[in-house]
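Quick notes on the structure that follows.
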Amino acid sequence: MTDISTTHLDRTDAEAVAELARAWAAEVEGTSYVPMGSDELVEYLTEISADLVAALRSRPVRVAVGHDAGRRLVHAHFTGPSTVERTLLLLSTRLPQLLGDHLRDDVLALTGALAAGYATTLRDRTLDEQEAIRRAVIVARHQTEQALHASEARFRAMFYEAAIGIGLGDMQGRIVEVNPALTQMFGYTAQEMRRRTVGELAHPEDLPSVWVYYERLLAGELDNFRIEKRFYRKDGSEIICNLTLSLVRDERGRPAYQVAMLEDVTERHELQSHLEYQAFHDTLTTLPNRALFSQRLDRIFATTPPGSARRIGLCFLDLDGFKAVNDSLGHEVGDLMLQAVAVRLAEQATDGELVARMGGDEFVVLVENSRGVDQLVALGERVLAALAEPLELAGQELSASASIGIVERPVVGGDASELMRAADITLYSAKADGRGRLALHDPGRDEAEVTRFALSAAMPVAIERDEFFVLYQPLVAMADHRMGGVESLVRWHHPKLGVLGPGRFIGLAEETGAIVALGHWVLERSCRDAKRWYDEFGDDAPFVSVNVAPRQLHEPTLLADVEEVLAETGLPPRLLQIELTERALTTDEGAPLKALDGLRALGVRIAIDDFGTGYSNLSYLRKLPVDVIKLDGSFGERLRDVEVSNPVDERIVGTLVDLGHALGMIVCAEGVETGPQAARMRRLGCDEAQGWHFAAALPREDIGELLRDPGAPAWPGPAELAAVSPDL
């Protein structure tokens with residue numbers, strides 16, 4: 001027995017294989033005559049199960065493995081009437097349970113291939129048997145002419161006991177003799193069949209090629225042919241048979257009569273049709289699935305000739321807030337909503353449009369021959385209106401909302417992947433614009449989104465290639481204008497787009513999770529630069545303030561990362577300040593507070609950035625181990641001019657400063673750009689300030705130059721500010 005766990009499967013999959021093989025063996029044991037004991041049966045099915053699981057784990061799924069599995073079952077004599085039915089039912093239910101429901105569509109494709117391989121192999125074996133029987137008939141006929149009585153007995157035994165239907169006909173197509181299997185197959189008595197011709201039993205919609213073969217056989221041009229053909233039973237029902245028709249010649253080589261051997265494959269066809277339907281339709285909503293939609297879309301682009309004016313349209317739809325339905329009401333209600341939405345979408349497809357479920361809560365409506373954007377917009381508006389009607393689900397009334405991205409364009413000059421990419425971007429735009437609405441494809445916005453996605457994809461590599469760099473903006477003490485610290489500000493030197501500010505990539509980094517790696521890089525680089533200043537200037541060296549994103553704050557390794565960086569760089573913890581946004585601190589009391597307590601225990605300073613914009617709970621703020629609050633720059637915007645002084649704005653700033661001092665915190669003013677503004681902030685009690693009035697963000701080397709020449713600061717001192725605004 002193969003040791004699955006040590007080959008190509010991990011331990012979890014190996015356990016799944018073992019469980020599947022045991023269940024499979026229990027299901028099919030006794031349904032076919034197989035010369036195996038119970039243990040041998042489990043061992044044989046384990047090998048096949050391992051191959052099936054490995055095929056499902058491959059990307060793309062190796063469907064050919066299913067075909068091979070069906071072939072192996074036939075070769076091992078698993079040919080009982082119920083064996084394949086039980087096998088397909090078991091695999092289609094157990095594999096998703098063992099490997100995950102997300103593989104259900106792949107399982108259906110694999111079991112479909114297994115059924116096809118099983119049926120093909122069984123058919124070929126049957127045809128070989130049929131051919132052997134045909135030869136036996138010919139031999140029997142020849143022997144009859146040599147020794148009539150002995151060969152007649154053998155022929156009759158073979159003819160009447162055969163499991164497949166056999167009929168003899170003359171060269172005019174009249175039926176001469178039939179065996180019991182054939183009469184049972186068609187529902188006639190032998191006498192009734194002998195009163196009929198071959199043509200009377202045939203299906204009227206047979207392909208012309210069938211009759212071309214038949215005419216050539218009657219003319220003696222062919223000795224035999226095989227074909228799949230439809231017939232009618234006596235009760236009018238249709239059956240599908242594998243037909244082998246052979247010509248028997250007399251002693252002089254002239255056509256004498258024809259022998260037909262038929263195998264009823266109707267059930268196999270029905271099973272195959274059912275499996276094909278499942279492979280191309282969503283099991284929950286019964287709508288066409290992604291595979292059928294993609295097939296249809298590819299065919300449109302492949303069959304449209306160059307120069308055609310044909311146009312195509314897509315409405316790409318995604319339900320708004322569907323996750324909340326699943327989370328709050330359960331997946332059963334979520335499934336009911338998807339089914340109800342599918343019905344309403346199908347009702348709006350009044351002009352032959354294809355409605356498909358792409359997966360999850362995404363649907364698409366394909367307009368193969370679009371008459372223009374107006375048609376797509378009207379369709380989208382009908383869909384939104386239909387979904388706006390309340391849904392009665394599980395005894396409660398729910399509302400469904402959706403966002404729709406609409407793309408309408410010529411078929412010629414494009415392809416399916418480009419169309420779907422445009423639809424996906426347009427749907428994203430609809431959601432970004434407020435949800436519950438439709439958005440038309442905008443090539444300009446499309447280009448911007450492509451650039452945005454490209455930046456997202458390039459960011460991890462850019463970190464490895466050291467494309468990012470750090471600038472430092474001085475944090476100035478308001479009492480003596482000494483540079484007490486610097487804030488780290490990251491920039492991206494993109495190889496094609498040039499230097500990018502944080503507004504272009506920080507949001508993307510937070511969305512993709514790259515902010516964790518980028519934040520660690522900024523922390524490590526900032527601490528190394530700060531250690532260089534410390535080595536040169538000692539206690540006069542500035543501390544470095546590093547921003548930490550909300551995603552980083554909730555990382556369980558944040559504290560360990562900071563400890564590791566401080567240890568590797570040798571920077572004293574007191575020279576590191578961690579900046580966190582106010583909103584990041586108030587989203588979850590447990591995780592941030594634990595991380596902050598650990599940082600405080602290290603000796604690292606904690607600052608709240610953009611203070612005043614997050615609407616903090618003041619009682620919660622008192623619990624935080626915070627050293628500094630940095631007032632958001634918006635509070636000082638109206639305090640920049642000499643002539644204009646708004647008492648309300650000054651009172652707000654003064655209140656925030658008093659609050660910070662009451663909590664024992666240092667207060668830093670951000671965004672200070674003018675002398676009057678700096679003077680006002682100093683008078684209102686701010687301890688520190690930063691902004692363009694003092695200095696822009698500077699490279700590490702420039703910060704070092706400022707520290708080496710303190711007598712020539714790059715910003716106005718207290719005396720100069722008093723000269724500019726003596727009343728302040």
Side-chain angles (χ1 to χ4, degrees), residues 119 122-144 151-152 154-250 253-269:
L122 184 61
R123 180 197 63 192
D124 292 343
R125 193 180 77 170
T126 302
L127 291 177
D128 291 339
E129 293 175 353
Q130 291 174 350
E131 183 62 21
I133 293 173
R134 183 188 71 83
R135 293 194 185 98
V137 171
I138 297 173
V139 170
R141 177 67 177 174
H142 180 71
Q143 290 177 343
T144 299
S151 64
E152 179 72 17
R154 289 193 295 270
F155 173 77
R156 289 291 178 182
M158 181 276 299
F159 185 80
Y160 286 104
E161 297 301 327
I164 63 172
I166 305 175
L168 303 177
D170 61 22
M171 297 309 297
Q172 287 71 44
R174 293 186 296 267
I175 298 174
V176 176
E177 189 61 87
V178 293
N179 71 345
L182 192 64
T183 60
Q184 184 178 4
M185 187 183 301
F186 280 84
Y188 291 103
T189 65
Q191 185 177 4
E192 288 173 332
M193 294 201 72
R194 284 192 288 267
R195 292 199 295 262
R196 281 166 171 75
T197 64
V198 174
E200 291 173 351
L201 299 176
H203 196 285
E205 297 179 6
D206 273 338
L207 296 174
S209 59
V210 175
W211 293 103
V212 170
Y213 283 124
Y214 186 65
E215 293 296 334
R216 293 182 63 190
L217 183 80
L218 294 180
E221 297 176 10
L222 294 176
D223 284 337
N224 60 75
F225 68 87
R226 296 178 179 179
I227 201 165
E228 195 172 84
K229 191 177 182 304
R230 292 178 295 173
F231 295 92
Y232 278 126
R233 292 172 49 85
K234 181 179 180 179
D235 60 8
S237 60
E238 181 181 302
I239 59 173
I240 304 173
C241 296
N242 278 331
L243 167 67
T244 300
L245 196 60
S246 302
L247 184 66
V248 180
R249 300 177 184 271
D250 60 17
R254 294 174 301 187
Y257 57 91
Q258 49 187 314
V259 179
M261 290 175 284
L262 297 93
E263 176 196 9
D264 186 355
V265 294
T266 306
E267 290 186 2
R268 177 175 65 80
H269 264 266

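The first residue of the sequence shown is numbered 1, and numbering continues consecutively from there.
Counting all heavy atoms, side chain and backbone alike, Ala119 lies closest to Arg268 at CB-CD, 2.6 Å. The nearest pair of heavy atoms linking Met185 to Leu262 is CE-O, 3.4 Å. Nearest heavy atoms, Lys234 versus Gly187: CD-O, 3.3 Å. Contact detail for Tyr232 and Phe186: the closest heavy-atom pair is O-CD2, 3.5 Å. Here the closest heavy-atom approach between residue Asn179 and residue Ile164 is recorded as ND2-O, 3.0 Å. Heavy-atom minimum distance, Asp170 versus Gln258: O-NE2, 2.8 Å.
Within 6.0 Å of CD in Glu192 there are more than 12 heavy atoms belonging to other residues, nucleotides or ligands. The environment of Glu238 atom CD is dense: over 12 non-hydrogen atoms of other residues, nucleotides or ligands sit within 6.0 angstrom.
A heavy-atom distance below 4.5 Å is found between the side chains of Val265 and Glu228. Side-chain contact check for Glu177 versus Ile166: every heavy-atom pair is 4.5 Å or farther apart. Residues Asn242 and Arg226 are not in side-chain contact: their nearest non-hydrogen atoms beyond the backbone lie 4.5 Å or more apart.
Checked by atom type and distance alone, the side chain of Thr183 never pairs as donor or acceptor with a backbone atom of Thr189 at under 3.5 Å. The backbone N or O of Arg194 sits nowhere less than 3.5 Å from a side-chain atom of Arg174 that would complete a donor-acceptor pair.
Within the model, atoms OG1 of Thr244 and CE of Met261 stand 5.5 Å from one another, a figure rounded to the nearest 0.5 Å. For the atom pair CG (Leu243) and CD (Glu263), the distance works out to 11.5 Å, reported to the nearest 0.5 Å. Asp235 contributes atom CG, which lies 9.0 Å from atom OH of Tyr188 (distance to the nearest 0.5 angstrom).
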